[in-house]
Amino acid sequence: RNATKKIKCHSALLDSALHVVKGAVVKVLNTPLTTSVSYRNAKQARLVVEYKSEISPTDEQLQEIQRLSNEIIQKKIAIKDTSLTKEQAEATFASVVPNVSLFDKIQPKIETVNVVLIEEWNVNCCAGPHLDNTGDIGALTIVRANHRPQKNECEFVVEIKSDQGNAAANKKKKWETNSKKKAKKPAAEAIPRQANNEQICRASSVNSVTNELLQLILKEAGVDEAQSKEISTKLAPSIQQKLSVMKNVSYSQGFAAGKSN
């Protein structure tokens with residue numbers, strides 16, 4: 001086949017679509033491990049999964065993967081991002097969706113990871129970016145599957161068939177860009193630029209806010225150091241998850257308010 005230059009940068013549209021397709025592939029072929037993903041162009045991406053069968057996926061199976069994917073798209077399920085440590089990610093999300101590997105075959109080397117969740121469908125460690133919900137993808141097709149039995153792999157080429165996804169991705173990108181510009185505006189008070197940026201980072205960091213809340217609560221309660229560590233370990237994941245939800249909701253509400261003005 002003709003060689004296609006792969007896009008290295010992340011795409012909210014294609015990345016979100018691959019999470020939807022991955023959930024369908026797991027349902028149909030029972031293949032929970034992703035080997036790699038990449039983008040072929042603005043509307044086409046590839047998902048490679050571990051596949052140990054000697055038999056290639058049938059046309060009926062590919063059609064079912066495509067049907068299930070578009071069904072999830074039509075349901076407009078929220079795509080949720082949560083930033084937390086690897087240990088907290090495993091404790092919080094490892095068993096949220098059955099037969100899914102949180103980190104696939106790649107163990108992240110960074111301390112803080114981003115977990116993307118499509119309720120009851122797919123959960124994975126993924127840097128993103130992602131769309132707000134599956135409905136923003138529009139529609140997709142499974143162009144073909146390339147079975148590689150010698151590598152125990154199967155590649156699925158996915159194509160977006162609607163301009164709705166590109167419109168949603170561009171709208172979100174524009175909103176995020178405007179949000180960043182607003183955040184960079186100098187404060188009215190005479191605060192050094194470096195200090196102001198540090199304050200902004202701390203205020204928007206779920207981990208930082210969680211730590212500050214825990215320190216405040218435990219200090220007021222007069223808990224000793226040993227107990228503080230134990231309590232913090234137990235409470236941190238649930239607090240971070242709730243803060244992440246609040247953060248995502250506030251972003252989406254801000255976006256909705258921006259559209260109505």
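Not measured: the values here are computed from a predicted model.
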Subject >> Derivation and outcome, side chain to side chain contact (heavy atoms under 4.5 Å, CB included), residues Val28 and Leu68 >> reply: CA-CA 9 Å; Val28 176; Leu68 288 173; 3.8 Å; yes
With clusters defined by side-chain heavy atoms of hydrophobic residues (ILVMFWY) lying less than 4.5 Å apart, directly or transitively, does [Y] cluster with [X]?
X      : Y     : value
Val20  : Ile77 : yes
Val123 : Leu84 : yes
Val157 : Ile73 : no

Minimum heavy-atom distance between [X] and [Y], given as atom pair plus value:
X      : Y      : answer
Ser16  : Leu131 : OG-N, 2.9 Å
Ala17  : Ile160 : CB-CD1, 3.7 Å
Ser56  : Tyr51  : C-OH, 4.1 Å
Glu153 : Val48  : OE1-CG1, 3.6 Å
Val115 : Ala89  : CG2-CB, 3.8 Å
His19  : Asn122 : ND1-OD1, 3.0 Å

To the nearest 0.5 angstrom, please state how far the [atom1] atom of [X] sits from the [atom2] atom of [Y].
X      : Y      : atom1 : atom2 : answer
Gln74  : Thr134 : CD    : OG1   : 9.5 Å
Thr31  : Phe156 : OG1   : CZ    : 6.0 Å
His130 : Asp15  : NE2   : CG    : 4.0 Å
Glu54  : Gln150 : CD    : CD    : 9.5 Å
Asp81  : Asp132 : CG    : CG    : 9.5 Å
Ile231 : Ile217 : CD1   : CD1   : 10.0 Å

**OP:** With side chain to side chain contact (heavy atoms under 4.5 Å, CB included) as the test, would you mind laying out the steps for Val26 and Leu29 before giving the verdict?
**Re:** CA-CA 5 Å; Val26 173; Leu29 299 176; over 6 Å; no
Is it the case that the side chain of [X] and the backbone of [Y] share a donor-acceptor pair, with hydrogens and angles ignored and the cut-off at 3.5 Å?
X      : Y      : result
Tyr39  : Lys43  : no
Thr141 : Val143 : no
Gln88  : Thr85  : yes
Trp121 : Ile72  : no
Asn124 : Cys126 : no
Asn70  : Leu140 : yes
Gln61  : Thr58  : yes

Lys/Arg-Asp/Glu bridge criterion (N-O < 4.0 Å) met for [X], [Y]:
X      : Y      : result
Glu119 : Lys80  : yes
Glu90  : Lys86  : no
Arg46  : Glu155 : yes

Original post:
Do Ser69 and Gln66 have a side chain donor and acceptor closer than 3.5 Å?
Top reply: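 Their side chains do not contain a donor-acceptor pair, so the 3.5 Å distance test is not met.
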Original post:
Can you find a pair of side-chain heavy atoms, one from Leu47 and one from Thr34, that are under 4.5 Å apart?
Top reply: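 Yes - at least one pair of side-chain heavy atoms lies under 4.5 Å apart.
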Subject >> Student check: side-chain heavy atoms of Leu117 and Val96 closer than 4.5 Å >> reply: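 They are in side-chain contact.
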Original post:
Is the CD atom of Glu87 crowded by more than 12 outside heavy atoms at less than 6.0 Å?
Top reply: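 Counting other residues, nucleotides and ligands, CD of Glu87 exceeds 12 neighbours.
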Subject >> Worked verdict on Ser83 versus Val113 for side chain to side chain contact (heavy atoms under 4.5 Å, CB included) >> reply: CA-CA 6 Å; Ser83 177; Val113 297; over 6 Å; no
Original post:
Given Lys22 and Asp104, is the salt bridge (Lys or Arg N to Asp or Glu O under 4.0 Å) satisfied, shown in steps?
Top reply: CA-CA 11 Å; Lys22 171 65 182 297; Asp104 291 310; 3.1 Å; yes
